[in-house]
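Shown next, in structure tokens, is the structure this report addresses.
Here is the naming used below: chain letters follow the sequence lines, and residue numbers restart at 1 for every chain.
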There are 2 protein chains.
Amino acid sequence: MRGELTAKGRATRQRIVEGAAAVLRERGAALATLDDIMARTGTSKGQLFHYFPAGKDELLVAVAQFEADQVLEDQQPHLGCLDSWEAWQQWRDVVIERYEAQGDECPLGSLFFQIGRSTPGTRAIVIELLRQWQESLAAGVRALQAAGLIPADVDADIRAAALLAAIQGGVSILLSTGRSTHLRAALDQGIADLRATSHAAV
Amino acid sequence: MRGELTAKGRATRQRIVEGAAAVLRERGAALATLDDIMARTGTSKGQLFHYFPAGKDELLVAVAQFEADQVLEDQQPHLGCLDSWEAWQQWRDVVIERYEAQGDECPLGSLFFQIGRSTPGTRAIVIELLRQWQESLAAGVRALQAAGLIPADVDADIRAAALLAAIQGGVSILLSTGRSTHLRAALDQGIADLRATSHAAV
DNA sequence: CCTACAATGGACTGCGTAGTCCATTCTGAT
DNA sequence: ATCAGAATGGACTACGCAGTCCATTGTAGG
């Protein structure tokens, strides 16, 4: 038992992270307390500080990483193979469905505002998430070019950046208003405009 | 002196709101304390609760309203008369400049996550802000149609919604990463795609 | 002036919460 | 069976912060 963490220990730690994630989604990072997390996960103070010696911040960073991983996973396998208009459409459906189901709970958003500015940890996680997300989208645009569905002179990176911004904006408006109108409009318009490049007179 | 608030009183109240707004931008709503605000504005506890009897929440709502008004004002007069491509371009420049200057401080964002979910107040303010913003954009699109610069069958509301989402997303990515790349990409691409409708083969 | 009430200052209270500490129980290797 | 170290429980501490309260000062109207 030199490796610091037994099987039981790993399970408990995981339970804490997942439970904490649920609590944070429900109450928001600003209002969630360690007691909430203890109650939800059926753990004690001793355990929390046993697995996250640096305290709440360390736990929040772990949760942020957990949530960030989820975001991309939830879009697979569609995000990974955007090589036809059908694939793009399926991906669109999954994204909208996911965020409509999430409603006004924003795991990463509230986390970011709680500790993002101060701690470099969460910020780095968010940046890396955005980077991978955009890279996948850019790959999708290039796949369309390779398939001859859109012109080769379309700038894949700019398009991907614009699409990513459109999604982010749609989601934050969904968070504020509770309505997915803008997310839908942004995604649909973004894809339509991409499609329009194939028969533009420019 | 029956009207509750003298000239001096009104000035103090205003000073508190503006000072609080500054503090909130700097430290984020989650970390800002009444003591910070007192220090910044040179006021006492007594004053804070004299002008905002319901306490911190009431003050935060006042700040949210103040910030929301700023957002639209800062885009004027450009946002009000988007009737030519030059006007759109100028507006684009103002938006980018404003948010680049703001950097990673998000007055409304942090406010929203602090009290937005719980209090209906801030949420209503944000919703109203978004509504007016989108309405101005839609008016701009219609102005382009009226000027014959884009086809009449372009759906102004959808375009406006997509543009608004693009901006919001660009801003939130700016908040996360500190880089305005996405905001620029989103705005430029959005306007370019709008422009492309005038010579599309569809 | 004088008076009523607004404006101000600041000490004080109460509470929620993060974090500490140690006693006890469990687990696996030898 | 034994023992080191992990896992757990929970009482206890420290403290920051919102909100209360009242004494004092300023101010406009009569």
Inset, instruction - Tell me whether the OP1 or OP2 atom of C:dT8 has a side-chain N or O from B:Q47 closer than 4.0 Å. - result: yes

Legend entry - side-chain N/O B:T6 vs C:dA7 OP1/OP2, d < 4.0 Å: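 Looking at the OP1 and OP2 atoms of C:dA7, one of them is under 4.0 Å from a side-chain N or O of B:T6.
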
To the nearest angstrom, how far is [X] atom [atom1] from [N] atom [atom2]?
| X | N | atom1 | atom2 | answer |
| --- | --- | --- | --- | --- |
| B:M38 | C:dT8 | CE | P | 13 Å |
| B:Y51 | D:dG19 | OH | C1' | 18 Å |
| B:L5 | C:dC5 | CG | P | 16 Å |
| B:L59 | D:dA18 | CG | P | 10 Å |
| B:I37 | D:dG19 | CD1 | P | 11 Å |
| B:L34 | C:dG10 | CG | P | 16 Å |
| B:D35 | D:dG19 | CG | P | 12 Å |
| B:L48 | D:dC17 | CG | P | 14 Å |

Atom [atom1] of [X] and atom [atom2] of [Y]: how far apart are they, to the nearest 0.5 Å?
| X | Y | atom1 | atom2 | answer |
| --- | --- | --- | --- | --- |
| A:L149 | A:D83 | CG | CG | 9.0 Å |
| A:E100 | A:R179 | CD | CZ | 11.0 Å |
| A:L164 | B:T181 | CG | OG1 | 11.0 Å |

Inset, instruction - Name all residues meeting the salt bridge (Lys or Arg N to Asp or Glu O under 4.0 Å) criterion together with B:R13; count only those two or more places apart in sequence or in a different chain, and write none if there are none. - result: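 Scan of B:R13 (salt bridge (Lys or Arg N to Asp or Glu O under 4.0 Å), adjacent residues dropped) gives none.
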
Legend entry - Residues A:R159 and B:D193 bridged, charged N to O under 4.0 Å: yes

Legend entry - B:E18 backbone acceptor or donor facing B:Q14 side chain under 3.5 Å: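 Side chain of B:Q14 to backbone of B:E18: no pair is present.
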
Legend entry - Proximal nucleotide (of C:dA7, C:dG19, D:dT8) relative to the A:H50 side chain: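 Closest nucleotide to the A:H50 side chain: D:dT8.
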
Quick one: which protein N/O atoms are closer than 3.5 Å to N/O atoms of nucleotides 11-14 of chain D? Pair and distance per line, please.
none

Inset, instruction - Please tell me which of B:K8 and A:G9 maps to the more 5' nucleotide of DNA chain D, matching each residue to the nucleotide holding its nearest heavy atom. - result: A:G9

Inset, instruction - Using heavy atoms and a sub-4.0 Å distance, could you list which residues of residues 10-17 of chain B are near DNA chain C? By number, please. - result: B:T12

